Amino acid sequence: MNFAKRLFGHFMTITKHRHLVIRHCAKAGILWQGLRHDLSKYSPTEFIPGVRYYTGYRSPNEGEREAYGYSFAWMHHKGRNKHHYEYWNDYNLETKRNEPVEMPYRYLAEMFCDRVAASKIYNGKKYTDASAMEYYQKRTPHRSIHANTKNELEKLLQMLIDCGEAQTFQYIRKQVKAAGAKEKAWRAVRK
């Protein structure tokens with residue numbers, strides 16, 4: 001594939017994905033997060049490898065991993081975007097190890113929106129409400145994610161299969177609102 005096709009293809013893929021995430025985030029009650037979703041993908045650190053390894057059917061990060069053994073673009077991305085569970089790791093003083101930390105609900109909700117949108121983009125007409133769960137299950141054994149975050153994400157992915165988008169986003173909106181109220185109360189106590 002020539003450079004112009006890779007450039008245009010990558011730009012269109014990440015932009016189409018981002019706009020779909022914005023729509024999903026609006027349904028989930030986190031529009032502001034949706035508007036800021038994945039802006040780092042347009043930075044040179046992520047965009048240039050994205051163009052170089054663009055294929056149209058998988059993440060360019062996979063191609064960069066094959067070439068170098070790691071993806072610098074992915075490490076840049078996950079370190080700046082709180083909707084990735086990989087962002088939520090910290091040093092545990094008791095175990096003296098880096099361990100997963102439970103994600104705040106609003107970022108878990110954005111992660112769900114991201115996964116559903118990515119499934120729609122990469123599966124195209126083959127997408128079903130089970131696609132996001134199927135992709136998630138392919139990588140489950142290799143995941144370092146907090147148990148509560150994992151359980152809630154799996155619950156949402158299963159709810160999508162069983163109940164559909166409308167009901168799942170309605171549930172997420174209620175959970176985001178409840179979590180926001182708890183966080184507000186917690187911050188008031190800490191002052």
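Because the structure is a prediction, the values reported are computed rather than measured.
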Check your understanding: Taking the side chain from Asn123 and the backbone from Lys126, do they hold a donor-acceptor pair closer than 3.5 Å?
Key -> no

Review point. Going through the checks in order, is the side-chain contact (heavy atoms from CB on, under 4.5 Å) test met by Ile22 and Leu31?
Key: CA-CA 7 Å; Ile22 291 168; Leu31 176 60; 4.0 Å; yes

Review point. Taking His10 as the fixed residue, which of Phe3, Tyr53, Phe47 is the one that meets the ring pair (Phe, Tyr, Trp, His ring centres under 6.0 Å) rule?
Key: Phe47

Check your understanding: Of all heavy-atom pairs between Gln167 and Cys163, which one has the smallest distance, and what is that distance?
Key -> OE1-CB, 3.5 Å

Check your understanding: Any sub-3.5 Å donor-acceptor pair from Glu64's side-chain atoms to Ala73's backbone N or O?
Key -> yes

Revision key, fill the gap. By ring pair (Phe, Tyr, Trp, His ring centres under 6.0 Å), His37 pairs with (sequence neighbours left out) His17, His83

Point to revise | Residues which pass ring pair (Phe, Tyr, Trp, His ring centres under 6.0 Å) with Tyr107, listed by chain and number, not counting sequence neighbours | key: Trp88

Check your understanding: Which residues pass the salt bridge (Lys or Arg N to Asp or Glu O under 4.0 Å) test with Arg58, sequence neighbours left out?
Key -> Glu66

Point to revise | Pairwise side-chain contact, Val51 with Phe11, heavy-atom cut-off 4.5 Å (strictly under) | key: no

Practice item. With sequence neighbours excluded, tell me which residues meet ring pair (Phe, Tyr, Trp, His ring centres under 6.0 Å) with Tyr54. Key: none

Point to revise | Lys27 vs Ile172, side-chain contact (heavy atoms from CB on, under 4.5 Å): CA-CA, chis, key distance, verdict | key: CA-CA 9 Å; Lys27 292 176 186 178; Ile172 292 170; over 6 Å; no

Check your understanding: Going by heavy atoms in the side chains, are Val116 and Leu160 under 4.5 Å from each other?
Key -> yes

Review point. Going by heavy atoms in the side chains, are Tyr136 and Glu154 under 4.5 Å from each other?
Key: yes

Review point. Looking at Pro100 and Ile145, what are the two nearest heavy atoms and their distance?
Key: CB-C, 3.6 Å

Check your understanding: Are any of the side-chain nitrogens in Lys120 or Glu165 under 4.0 Å away from the carboxylate oxygens of its partner?
Key -> yes

Practice item. Just jot down the salt bridge (Lys or Arg N to Asp or Glu O under 4.0 Å) partners of Lys78, sequence neighbours excluded, or say none. Key: none

Exercise for review: Go through His146 and Val101 one step at a time and tell me if the side-chain contact (heavy atoms from CB on, under 4.5 Å) criterion holds.
Suggested key: CA-CA 6 Å; His146 191 276; Val101 176; 5.6 Å; no

Study note, to complete from the structure: Between Asn81 and Ser40, the two heavy atoms sitting closest are ND2-OG, 2.9 Å

Check your understanding: Counting heavy atoms not belonging to Tyr91, are there more than 12 under 6.0 Å from its OH?
Key -> yes

Review point. Just by distance, do the side chain of Asn92 and the backbone of Thr95 share a donor-acceptor pair under 3.5 Å?
Key: yes

**Study point:** Inter-residue atom distance Ser144.OG - Asn98.CG, 0.5 Å rounding
**Key:** 9.0 Å

Point to revise | With sequence neighbours excluded, residues passing ring pair (Phe, Tyr, Trp, His ring centres under 6.0 Å) with His84 | key: Trp74, His77

Practice item. Nearest 0.5 Å please: distance from the CE atom of Met75 over to the OG1 atom of Thr45. Key: 11.5 Å

Check your understanding: Any side-chain heavy atom of Leu157 sitting closer than 4.5 Å to one from Ile161?
Key -> no

**Study point:** Residues that Glu62 engages under salt bridge (Lys or Arg N to Asp or Glu O under 4.0 Å), provided they are two or more places apart
**Key:** Arg65, Arg139

Practice item. Quick one: pull up CE in Met12 and CG in Leu7 and give me the separation to the nearest 0.5 Å. Key: 11.5 Å

Exercise for review: List for me each residue that meets salt bridge (Lys or Arg N to Asp or Glu O under 4.0 Å) alongside Arg143, sequence neighbours excluded, and say none if there are none.
Suggested key: none

Check your understanding: Taking all atoms of both residues into account, what is the closest heavy-atom pair of Arg18 and Gly34, and its distance?
Key -> NH2-O, 4.4 Å

Check your understanding: Under 3.5 Å, is there a donor-acceptor pair between the side chain of Ser131 and the main chain of Thr128?
Key -> yes

Check your understanding: Between the side chains of Ser59 and Tyr122, is a donor N or O closer than 3.5 angstrom to an acceptor N or O?
Key -> no

Review point. Under 3.5 Å, side chain of Asn151 to main-chain N/O of Asn148, donor-acceptor pair present?
Key: no

Check your understanding: Met111 and Leu153: which non-hydrogen atoms are nearest, and at how many Å?
Key -> CE-CD2, 3.7 Å

Check your understanding: Sequence neighbours excluded, which residues qualify as side chain to side chain donor-acceptor pair (under 3.5 Å) partners of Asp129?
Key -> Tyr127

Check your understanding: Got a sec: does the OH of Tyr42 have more than 12 other heavy atoms crowding it under 6.0 Å?
Key -> yes

**Study point:** Glu152: partners by side-chain contact (heavy atoms from CB on, under 4.5 Å), with sequence neighbours left out
**Key:** Tyr105, Leu108, Lys155, Leu156, Tyr171

Point to revise | Phe112-Tyr87 co-clustered via ILVMFWY side chain contacts under 4.5 Å | key: yes

Review point. Can you list the other members of the hydrophobic cluster that holds Ile121, where links are side-chain heavy atoms under 4.5 angstrom apart?
Key: Leu20

Check your understanding: Given the rule in the side-chain contact (heavy atoms from CB on, under 4.5 Å) test, do Met133 and Gln158 qualify, once you have shown the distances and angles that lead to the verdict?
Key -> CA-CA 7 Å; Met133 177 66 95; Gln158 189 62 49; 3.7 Å; yes

**Study point:** Expected output: side-chain Thr149 to main-chain Met103 donor-acceptor under 3.5 Å
**Key:** yes

Check your understanding: Do any pairs count as a salt bridge (charged side-chain N to carboxylate O under 4.0 Å, His left out) and have a residue in residues 88-117, sequence neighbours left out, and if so which ones?
Key -> Arg106-Glu183

